[in-house]
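Order of listing sets the numbers, starting from 1, for every ligand and every atom in it. Just so you know, residue 1 is the first one in the sequence shown, and it goes up from there.
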Amino acid sequence: MPFKSDLRWSEVTPKSLFFNRRQIMAGAAGALVSPILAGRAAAAGFSTDEAPNTLEEISTYNNYYEFGYSKEEPSTKAQALTIDPWSVEIGGMVDKPGTYDLSDVLAGMTIEERIYRFRCVEAWSMVIPWQGFELSGLLNKVGVQPSAKFVAFETLYRPEEMPGQQGGSFPYPYVEGVRLDEAMNPLTILATGLYDEELPKQNGAPLRLVVPWKYGFKSIKAIVKITLTDVMPPTTWNILAANEYGFYANVNPGVDHPRWSQASERPIGGGLFAGRKDTVLFNGYGEQVASLYAGQDLTVDY
Ligand SMILES: Nc1nc2c(c(=O)[nH]1)N[C@H]1C(S)=C(S)[C@@H](COP(=O)(O)O)O[C@H]1N2
Ligand SMILES: [Mo]
């Protein structure tokens, strides 16, 4: 039974972890309850009933190369990032292009909790209780033109606050993209929060993509630009190593990374002696998304 309609993180988190989390929250300076949560609606059957990782795990084990290559650096270094004011340039094949203030992006969007499995291409995984809204809601608001086939995303480029962007060989800004039908799938969200709090900066505040059936690198952080286009957009990891990271990046235990197996994964926080678990096609979301790839060879379109 992977899906339940009405579970909240507080119900699926073991009590001990819950209290632990409360203590962490109490100690977190400046943790503000997001006003947009007032409009929260129940997630209609999209959340897993698996126990989420702790806030500490989710916010201290990160991939965010703009703040360093290690898992630990983003949780401290990202705190220097200015996320208010924030605007998102939405353009390309849309009826209402423009530079939208974050509050205009959020206007009319329904913020929901979505407890999703999250699988990194490096073969670790977590369960994360996001708050966010369906990307389709925003795309419908700006009006997608019939010619559009893909949605491209870009992360903030601000080297003075993102030390990883100062020099080096990594091509910034980080860019990502999905096909329009993938973008419109109700599982695809723009996340604004975690555990009923504002999204930590290291997790991509104030706005990051979450596509739970794809490897984590698709879930681009700190989005400042969204472009509707009719050509498959470039994506950062594909630019870096096309034979290792494809455009689709669907979680698939049957298609190994050239340098390691994708057949299993290491759940973060499982403890020293916790075993690996088998990775599931489309990260377990096949019922919702397998039809998007009917007729495609997933070993070619990896
Ligand atoms: N801008 C940006 N977005 C990014 C990354 C990054 O380095 N820069 N890393 C990606 C990778 S590889 C993963 S696994 C996830 C990690 O998200 P998390 O730190 O919230 O778990 O973010 C993705 N989004
Ligand atoms: Mo990743």
Please could you name the atoms of ligand 1 that Glu66 approaches to less than 4.0 Å, counting only its heavy atoms? 1 (N), 2 (C), 6 (C), 7 (O), 8 (N)
With hydrophobic residues grouped by side-chain heavy-atom distances under 4.5 Å, do Phe170 and Ile239 end up in a single group? no
If you take the nearest heavy atom of each of Phe118, Tyr65, Phe170, which one is closest to atom 21 (O) of ligand 1? Phe118
Determine the interplanar angle of the Phe67 and Tyr64 rings, folded into 0 to 90°, and report it as parallel if under 30°, tilted if 30 to 60°, perpendicular if over 60°. perpendicular
Test of ring centre spacing under 6.0 Å for Tyr293 and Phe282: yes
Could you give all pairs that pass the salt bridge (charged side-chain N to carboxylate O under 4.0 Å, His left out) test and reach residues 120-130, with sequence neighbours left out? Lys71-Glu122
Out of Lys218, Lys221, Gln202, Glu154, whose heavy atom sits nearest atom 18 (P) of ligand 1? Lys221
Do Val175 and Phe153 have side chains that get closer than 4.5 Å, going by heavy atoms? no
Which ligand 1 atoms are under 4.0 Å away from a heavy-atom of Tyr64? 1 (N), 6 (C), 7 (O), 8 (N)
Atoms of ligand 1 under 4.0 Å from any heavy atom of Gly216, numbered from 1 in the order shown, are 10 (C), 11 (C), 13 (C), 14 (S), 15 (C), 22 (O), 23 (C)
Six-ring centre of Tyr285, Arg117 cation under 6.0 angstrom, axis tolerance 45°: yes
Ligand 1 to Asn203, heavy atom cutoff 4.0 Å, flagged ligand atoms 18 (P), 20 (O)
heavy-atom search around atom 17 (O) of ligand 1 in the protein gives Arg208 NH2, 3.1 Å
Ring centroid separation for Tyr195 and Trp130, is it under 6.0 angstrom? no
Any nitrogen or oxygen of Thr155, side chain or backbone, less than 3.5 Å from one on ligand 1? yes
Check whether any N or O atom of Tyr61, backbone or side chain, sits under 3.5 Å from an N or O atom of ligand 1, and answer yes or no. no
State the atoms of ligand 1, each with its element, that fall below the 4.0 Å cut-off from a heavy-atom position in Asn62. 18 (P), 19 (O), 20 (O)
Quick check on Ser219 - does any of its heavy atoms sit under 4.0 Å from an atom of ligand 1? yes
Below 4.0 angstrom, N of the basic side chain to O of the carboxylate: do Lys214 and Glu182 qualify? yes
Identity and separation of the nearest protein heavy atom to atom 9 (N) of ligand 1: Asn63 O, 3.2 Å
Are Phe217 and Tyr245, when compared by the centres of their aromatic rings, separated by less than 6.0 Å? yes
Contact check: Trp124 vs ligand 1, nitrogen or oxygen atoms, below 3.5 angstrom: no
Cys120 heavy atoms within 4.0 Å reach ligand 1 at atoms 14 (S)
The ring-ring contact (aromatic ring centres under 6.0 Å, His included) partners of Tyr302 (sequence neighbours excluded) come to none
So for ligand 1, is Trp237 a polar contact partner (N or O within less than 3.5 Å, distance only)? no
Closest protein heavy atom (residue, atom, distance) for atom 6 (C) of ligand 1: Tyr174 CE1, 3.4 Å
